[in-house]
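Comments concern the structure below.
Below, read A as the first sequence line, B as the second, and so on, with proteins coming before strands; counting in each chain starts at 1.
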Amino acid sequence: MLEQHFDFQAAERRIYADWENAGCFKPSGETSAQAYCIVIPPPNVTGVLHMGHALNHTLQDVLIRFERMRGKNVLWQPGTDHAGIATQMVVERELAKEGNLDRRTLGREAFLERVWKWKEYSGGAILDQDRRLGVSPDWSRERFTMDEGLSRAVTKVFVELYNQGLIYRDKKLVNWDPHFQTAISDLEVEAKEVDGAYWHLRYPLADGVTYEHPVKDEDGNDAMETRDYIVVATSRPETMLGDAAVAVHPDDERYKAIVGKHVVLPIVGRRVAVVADIYADPAKGSGAVKITPAHDFNDFQVGERHGLARLNILTAVAAIVGGEEARTCAIPAEYQGLDRYAAREKVVAAFEESGLLDRVEKRKIEQPFGDRSGVVIEPWLTDQWYVDAKTMAVPAMEAVRDGRTRFVPESYEKTYFQWMENIQPWCISRQLWWGHRIPVWYGADGSVFCAETEAEARLQAGPGVVLTRDEDVLDTWFSSALWPFSTLGWPEKTADMEMYYPNAVLVTAFDIIFFWVARMMMMGLHFTKEVPFRDVYIHALVLDEKGQKMSKSKGNAMDPLELVDEFGADALRFNMAAMAAQGRNVRLSKQRVEGYRNFATKLWNAARFCQMNECVLWEAGDVASGNVSQPINRWIMGEVARATAAVTKGIEDYRFNEAAAAIYRFTWNVFCDWYLELIKPLLNGEDEEAKAETRKVAAWTLDEILKLLHPFMPFVTEELWGKLAEFGPARGGFLMLAQWPTHDAEMIDAAADEEIGWVIDMISQVRGVRGDLNVPPGSKVPLVIAGADAVIWRRVDRYRDLIMRLARIESIGMAEQVPRGSVNAVMGEVTLALRLEGVIDIAAEVTRLGKEIGKLEGEIAGIEKKLGNPAFVEKAPPEIVEEQGQRRTEAELRLAKLTGARLRLSELDEG
RNA sequence: GGGCGGUUAGCUCAGUGGUAGAGCACUACGUUGACAUCGUAGGGGUCACAAGUUCGAACCUUGUACCGCCCACCA
């Protein structure tokens with residue numbers, strides 16, 4: 001006998017271990033079957049499971065379990081990402097805790113050893129957490145972006161791209177993170193609005209030059225002023241130490257006179273030219289802009305056009321330079337070594353002191369921050385390695401345009417195209433130690449040798465050349481970009497590559513389209529000549545209950561494992577699927593998760609009922625249409641067919657919410673609310689043949705539910721599958737490997753639908769009337785049916801017991817006329833009359849009828865209007881017109897009967 | 001500055017041309033032999049606004065308002 005509730009806490013780990021031990025997660029390897037492969041977006045090896053993973057992994061598992069049950073040869077490839085910066089940060093923090101060994105004093109080799117050790121013992125905890133969710137990747141194939149095979153793929157890709165000219169070294173401005181002291185890519189920079197200021201600085205003109213500058217006088221009239229200075233504005237005053245020019249627009253009349261003249265930069269005393277460049281926008285600020293080529297992306301371009309010096313003023317930690325560089329810029333000693341913000345204050349103070357601070361304008365400014373470090377990013381002039389993304393983007397766009405890869409929802413194609421069309425060179429070198437080291441060696445003369453191994457580099461270099469390897473490592477996303485094929489054994493021509501590539505679908509959130517999806521497309525197409533995946537399913541972002549993005553720093557992050565502990569993995573999973581409507585955010589609500597826990601309990605108890613009534617056995621032949629005679633059973637079989645089609649279609653279309661809603665509704669509102677109630681009289685009745693049939697069909701239906709629900713709620717369904725078998729013959733094997741149901745439309749029996757629909761409708765009508773009139777549920781009332789024909793009479797006869805039971809009826813009688821003093825409900829030709837003498841409040845009943853009559857009149861008026869419109873009758877499809885006609889007939893019939901009922905009541909009242 | 005999306009019941013959200021839906025919340029009643037993690041019934045919406053297309057619009061078009069998000073070289 002099943003217990004009263006599903007003890008998920010006891011069952012989940014046991015079931016999971018059983019699956020894993022039995023090898024259920026491994027691909028069938030069936031070469032005749034269609035292959036279906038998903039690679040998991042590899043979580044950071046430092047990561048802990050958060051709600052985003054819970055959603056992402058649940059949806060993948062739904063797909064995986066579904067396709068596995070459909071008999072495909074399914075591979076879900078798991079693994080983790082080495083996450084360069086994040087991991088290095090964790091280990092450096094650990095080092096700091098232990099003593100003050102920083103990585104530099106430790107040395108590269110020893111440090112890396114530490115990171116690997118950390119990875120072995122503490123890394124990848126997320127994968128164990130993942131098991132709690134019940135996900136079913138093939139753990140035996142777990143990969144790591146820095147394991148041997150994947151590292152070889154990375155090296156090979158680098159060398160090939162280098163040889164093809166698609167990877168190159170360039171000295172230009174990069175986004176420099178002064179905290180981590182590394183370059184980062186554009187995508188890792190986050191623009192944020194912060195409180196700041198524009199400092200309007202006066203640069204004195206050299207050589208005694210003056211010019212006339214338009215101003216407003218005290219009365220607000222236009223006037224001219226003779227100036228011996230030019231005003232520039234900046235949000236970063238300290239950069240003036242590296243200024244190389246002042247630019248004005250060539251057409252700007254205000255400054256025409258001084259183009260080609262010079263200013264003397266305060267503090268450093270350098271002469272720099274006033275140049276004409278279209279970059280200067282006359283409408284912004286004073287119209288004149290200071291040009292710092294080494295510290296601003298725009299200024300860099302201006303500098304290129306005018307041959308300006310690139311004067312670097314910052315060190316790797318964003319302090320003011322000293323030494324040779326300081327001399328070049330003529331930076332005074334008291335500025336050298338100052339942090340950028342201290343230098344800023346000092347620069348501003350110096351301007352103020354010398355009366356050259358025109359004004360300070362406090363305002364919000366946009367500033368770039370490192371997404372990991374949270375510090376302000378500096379554009380900094382360095383040598384870095386770049387991927388020619390512009391070239392590689394072309395085939396990647398083409399593949400989406402011609403449909404080889406499809407975005408779901410489709411609208412994300414636009415996001416993809418927009419970014420791809422404006423793609424910039426991808427900076428891939430990082431000044432870190434943890435990662436794939438760049439396979440490039442330099443000779444003493446600066447010659448470059450790019451090769452897969454040092455030995456090969458040596459061969460290229462020839463004897464006697466001393467080689468030094470590039471210090472830098474690659475952006476983490478460089479190796480992630482190869483994930484769909486590097487995990488399958490590429491560059492070897494493996495059987496796995498043959499079978500599982502391209503992947504069926506990539507499941508991810510939209511914030512990763514640029515970081516990852518776009519780059520996988522580029523790399524995949526370039527190296528395999530095939531798209532990496534057929535579909536890209538973009539799901540929502542998980543937000544908290546207030547609609548805020550969850551993050552550790554905000555403190556609003558909910559721990560998925562806490563919810564699993566409280567409500568079970570099934571409840572959380574079902575919640576995720578039910579909320580996964582396309583193109584939306586999902587707000588996580590604990591209450592809703594609780595609701596799905598209740599759903600699991602409901603199912604459990606339905607199974608308990610089946611078991612108590614010996615509804616556990618069935619064989620294939622038992623549910624063949626010809627062997628089932630009871631309309632109730634024929635009806636539920638049709639409902640199963642419909643639910644199966646809906647769930648299947650929902651998952652196929654990535655409409656997880658629709659699939660979840662379909663199985664939820666069928667289980668609770670059809671199977672539990674109606675079918676199980678309707679079969680109770682049969683199960684308790686005398687007709688042994690009907691009873692036997694019903695037991696089998698009920699058992700079968702329950703099994704079908706377990707299968708359809710399994711991808712969403714694997715634990716409770718697997719547990720019931722196993723438990724129910726204990727009461728019948730063992731069915732052998734796990735539910736998760738059972739076959740996904742398919743039913744043809746023939747299973748739907750229109751006559752049974754009609755008949756059972758009528759019974760349900762009738763019971764609902766009686767219940768409705770009782771509820772409206774506040775008839776106590778305990779009191780049974782006599783029912784008289786007026787106007788019934790033979791068909792109705794036979795139905796009533798057949799279902800007499802259950803109508804009486806479910807509608808709380810004492811007796812059912814038949815009559816020609818609606819009895820006086822009864823309360824009426826109308827069902828087509830028939831009037832249901834409840835004999836409620838003494839119980840009913842006539843006034844209340846008149847009100848109730850009035851309300852319904854009012855509703856009907858409104859409905860009829862609406863239909864009349866439509867049908868009275870010749871354009872409607874002429875142009876609308878005939879079936880729609882006919883449907884409206886039918887609706888009118890039905891409504892009118894109903895109206896007449898209800899009006900009659902009201903009339904009789906008022907007569908009774910008067911009498 | 002460019003782009004994308006949202007506005008539907010008290011709340012959170014489904015619903016893409018033909019009778020407005022779900023879950024939760026709310027109200028009333030209820031220990032009916034599976035289930036109170038439950039049952040039965042009920043209340044509650046001019047689908048942001050305006051104009052258009054259409055026989056017909058929550059749904060298509062255009063505009064307006066408000067709210068988000070993403071991208072962008074930070075005078």
May I ask you to verify if any side-chain N or O of [X] is less than 4.0 angstrom from the OP1 or OP2 atom of [N]?
X        : N     : result
A:Gln418 : B:A72 : no
A:Trp668 : B:U37 : no
A:Lys865 : B:G56 : no
A:Asn598 : B:C38 : yes
A:Lys680 : B:A34 : yes

Atom [atom1] of [X] and atom [atom2] of [N]: how far apart are they, to the nearest Å?
X        : N     : atom1 : atom2 : value
A:Asp195 : B:C74 : CG    : C1'   : 15 Å
A:Glu594 : B:U12 : CD    : P     : 19 Å
A:Phe510 : B:C71 : CZ    : C1'   : 12 Å
A:Leu541 : B:C4  : CG    : P     : 20 Å
A:His539 : B:A14 : NE2   : C1'   : 19 Å

Rounded distance in Å between the [atom1] positions of [N] and [M]:
N     : M     : atom1 : value
B:A58 : B:G2  : C1'   : 30 Å
B:U64 : B:G42 : C1'   : 39 Å
B:A9  : B:A48 : C1'   : 15 Å
B:C74 : B:C67 : C1'   : 26 Å
B:G68 : B:U8  : P     : 15 Å
B:A20 : B:G44 : P     : 15 Å
B:A57 : B:U62 : C1'   : 15 Å
B:A28 : B:G21 : P     : 26 Å

Going by atom types only, do A:Ser185 and A:Glu188 share a side-chain donor-acceptor pair under 3.5 Å?
->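 Looking only at side-chain atoms, A:Glu188 and A:Ser185 do form a donor-acceptor pair, the distance falling under 3.5 Å.
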Counting the atoms with a prime plus P, OP1 and OP2 as sugar-phosphate, which does [X] contact under 4.0 Å by heavy atoms, base, sugar-phosphate, or nothing?
X        : value
A:Thr415 : nothing
A:Val289 : base
A:Cys672 : base
A:Ala280 : base
A:Arg608 : sugar-phosphate
A:Arg887 : base
A:Gln4   : sugar-phosphate
A:Phe300 : nothing
A:Asp281 : base
A:His200 : nothing

Nearest to the side chain of [X], heavy atoms from C-beta on, is which of [options]?
X        : options             : answer
A:Glu883 : B:G18, B:U32, B:U37 : B:G18
A:Glu366 : B:A34, B:A72, B:A22 : B:A72
A:Arg808 : B:U37, B:U32, B:G39 : B:U32
A:Pro877 : B:A34, B:C55, B:G23 : B:C55
A:Tyr664 : B:U19, B:G23, B:G43 : B:G23
A:Ala606 : B:A41, B:U37, B:A34 : B:A34
A:Glu859 : B:U19, B:A14, B:C74 : B:U19
A:Gln591 : B:G18, B:A25, B:U37 : B:A25
A:Asp772 : B:A41, B:A34, B:C74 : B:A41
A:Asp186 : B:C71, B:A72, B:C74 : B:A72

Taking the nucleotide of RNA chain B with the closest heavy atom to each, which residue, A:Leu187 or A:Lys855, is nearer the 5' end?
->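 Comparing both residues, the 5'-ward one is A:Lys855.
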Hey, which sits more toward the 5' end of RNA chain B by its nearest nucleotide, A:Pro282 or A:Asn869?
->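 Mapping each residue to its closest nucleotide by heavy atoms, the 5'-most match is A:Asn869.
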Any sub-3.5 Å donor-acceptor pair from A:Ser779's side-chain atoms to A:Val775's backbone N or O?
->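 The answer is no, because no donor-acceptor pair under 3.5 Å joins these two groups.
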Donor-acceptor contact below 3.5 Å, side chain A:Arg254 vs main chain A:Pro282 =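 Yes.
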Would you kindly check whether a donor in the side chain of [X] faces an acceptor in the base of [N], or vice versa, at under 3.5 angstrom?
X        : N     : answer
A:Arg587 : B:U12 : no
A:Glu677 : B:A34 : yes
A:Lys414 : B:C4  : no

Partner residues of A:Glu892 under the side chain to side chain contact (heavy atoms under 4.5 Å, CB included) criterion, sequence neighbours left out |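 Counting only residues at least two positions away or on another chain, A:Glu892 forms a side chain to side chain contact (heavy atoms under 4.5 Å, CB included) with A:Ile860, A:Glu864, A:Arg888.
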Proximity of [X] and [Y] rings by center, below 6.0 Å:
X        : Y        : value
A:Tyr664 : A:Phe599 : yes
A:Tyr416 : A:Phe407 : yes
A:Tyr255 : A:His213 : yes

With pairs taken as Watson-Crick or G-U wobble and both distances under 3.5 angstrom, which stems of at least three consecutive pairs involve RNA chain B?
->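 B:1-7 with B:65-71, B:10-13 with B:21-24, B:26-30 with B:38-42, B:48-52 with B:60-64 - these are the stems of 3 or more pairs that involve RNA chain B.
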Do you know which two heavy atoms are closest between A:Val647 and A:Ala662, and how far apart they sit?
->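 Where A:Val647 meets A:Ala662 most closely, the heavy atoms are CG2-CB, 4.0 Å.
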With a 4.5 Å heavy-atom cut-off, do A:Trp674 and A:Ile763 have their side chains touching?
->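 Yes, their side chains come closer than 4.5 Å.
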Go through the steps for A:His249 and A:Asp281 under the test side-chain hydrogen bond (donor to acceptor under 3.5 Å, both in side chains), then give the verdict.
-> CA-CA 6 Å; A:His249 196 276; A:Asp281 181 350; over 6 Å; no
With A:Phe574 as reference, evaluate A:Phe715, A:Tyr596, A:Phe567 under the ring pair (Phe, Tyr, Trp, His ring centres under 6.0 Å) test and give the passing residue.
->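 Looking at A:Phe715, A:Tyr596, A:Phe567, the match for A:Phe574 under the ring pair (Phe, Tyr, Trp, His ring centres under 6.0 Å) is A:Tyr596.
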